[in-house]
There are 2 protein chains.
Amino acid sequence: MELQYLDALKALAEPHRLRLCWLLIHVDQKVTVAEAMDVIGETQYNVSRNLKMLFKAGLLDQEKNGKWVYYTLAKQTEKHWLLLVDSVRHLPASQFESVAGRCKLRLGMRVDGECVVGPNSDDWIKLLNL
Amino acid sequence: MELQYLDALKALAEPHRLRLCWLLIHVDQKVTVAEAMDVIGETQYNVSRNLKMLFKAGLLDQEKNGKWVYYTLAKQTEKHWLLLVDSVRHLPASQFESVAGRCKLRLGMRVDGECVVGPNSDDWIKLLNL
DNA sequence: ATCATACTTGCGCATTTATGCATATGTAAT
DNA sequence: ATTACATATGCATAAATGCGCAAGTATGAT
């Protein structure tokens, strides 16, 4: 009975994961665990676990590249999935203001579009405190 | 942080409640606890509790009428809510086939559009076994 | 080979959630 | 008033969930 869809709802029903999914939807780009961690400001294992849950639920795609793991928004084809993702997309951005800004900042640290600096780096902390 | 929306996701993330919500969306009519109970085939207290949760989550409206309590699909105005409800609406009907049929049957027992027979009645059992 | 780094995962604990049972509330009929 | 009936709810229990910690895997650099 639409087990995967139920998993997606369950995954989204948790504030941290909803934030993560919102982020992936709005950034429209691949994002590493380290980057998500810096942007969201949570522990590594939680970000890792939550991203993985969103992936297993069919909301994100996963792509491993060396020691980095990139997550992107999964492309949906079925209507109810598209609508579900759209629903999250249209959440009032006000709730996530800082998230979008911080993400832009963090992605600015990339080189040739790839993530090259790990989580909680000094460079990131400095960038944050400007 | 969008607490109500999170409640809605949580409410929908449970199979019985997802079924109930799907029912209310597709029947496009007010439905009593007794009717929902007969249609879904669960215990009274669970149907009562689950409908109430969907109501508290902002997905359903409640209207008490004598000893009957009617629930209807709540009218949404915000985009992310509309999309969320639409997502449930577009779930493959195949999953819920029997539900729709049974509901039509059960609503056929109404008089002047009002529910007049309680849960698990002999009449309902007979109607089911035709 | 060794080490640092990005990410993952098993375990234990605290909290939440679903469910059955029994009982309570509220309303209508007699 | 008493009874019948539709719905709600407190309580106990079992299962699921979130999270911190510590240890694990895997990859790249030296």
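Letters A, B, ... are given to chains in the order of the sequence lines, protein chains preceding strands, and every chain is numbered from 1. The model shown is predicted, which means the values in this text are computed figures rather than measured ones.
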Specify the separation, in whole Å, of atom [atom1] of [X] and atom [atom2] of [N].
X        : N      : atom1 : atom2 : result
A:Leu6   : D:dT17 : CG    : C1'   : 16 Å
B:His16  : D:dA16 : NE2   : P     : 14 Å
A:Glu114 : C:dA6  : CD    : C1'   : 15 Å
A:Met53  : D:dT17 : CE    : P     : 7 Å
A:Asn50  : C:dT8  : CG    : P     : 12 Å
B:Phe55  : D:dT9  : CZ    : P     : 11 Å
B:Ile40  : C:dT19 : CD1   : P     : 13 Å
A:Trp68  : C:dT8  : CH2   : P     : 12 Å

Can B:Tyr71 and B:Gln62 be counted as having a side-chain donor-acceptor contact under 3.5 angstrom? yes
From C-beta outward on A:Arg17, which listed nucleotide comes closest to its side chain: C:dC7, C:dT19, D:dG18?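 Of the options given, the side chain of A:Arg17 lies nearest D:dG18.
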Could you give the distance from CG (A:Leu91) to NE2 (B:His80), rounded to the nearest 0.5 Å? 5.0 Å
Looking at A:Gln62, I'd like to know whether one of its side-chain N or O atoms comes within less than 4.0 Å of OP1 or OP2 on C:dC7.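 No, outside the criterion.
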When you measure from the side-chain N and O atoms of A:Ser48 to the phosphate of C:dC7, is any distance below 4.0 Å, counting only OP1 and OP2? no
Students often get this wrong, so: under 4.0 angstrom with heavy atoms, is [X] touching a base, only sugar-phosphate, or nothing?
X       : value
B:Lys64 : nothing
A:Tyr70 : nothing
B:Lys10 : sugar-phosphate

pair B:Leu84-B:Leu12: side-chain heavy atoms closer than 4.5 Å: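 With C-beta onward as the side chain, the pair touches.
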Would you call the rings of B:Trp81 and B:Tyr5 parallel, tilted or perpendicular, taking 30° and 60° as the class edges?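 Rings of B:Trp81 and B:Tyr5: perpendicular, over 60°.
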Upstream residue (5' side of DNA chain D) when A:Glu42 and B:Glu35 are each assigned their closest nucleotide: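 The residue closer to the strand's 5' end, by nearest nucleotide, is B:Glu35.
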Classify every nucleotide of nucleotides 20-30 of chain D by which part a protein heavy atom approaches to under 4.0 Å, writing B for the base, S for the sugar-phosphate alone and - for neither, in 5'-to-3' order. BB-----SS--
Backbone N or O of A:Val111 within a donor-acceptor pair of the A:Glu114 side chain at under 3.5 Å? no
Between B:His16 and B:Asn50 (side chain of the first, backbone of the second, donor and acceptor by atom type, cut-off under 3.5 Å), is there such a pair? no
When the nearest nucleotide of DNA chain C is assigned to A:Lys52 and to A:Pro119 on a heavy-atom basis, which residue is associated with the more 5' position?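 It is A:Pro119 whose nearest nucleotide is closer to the 5' end.
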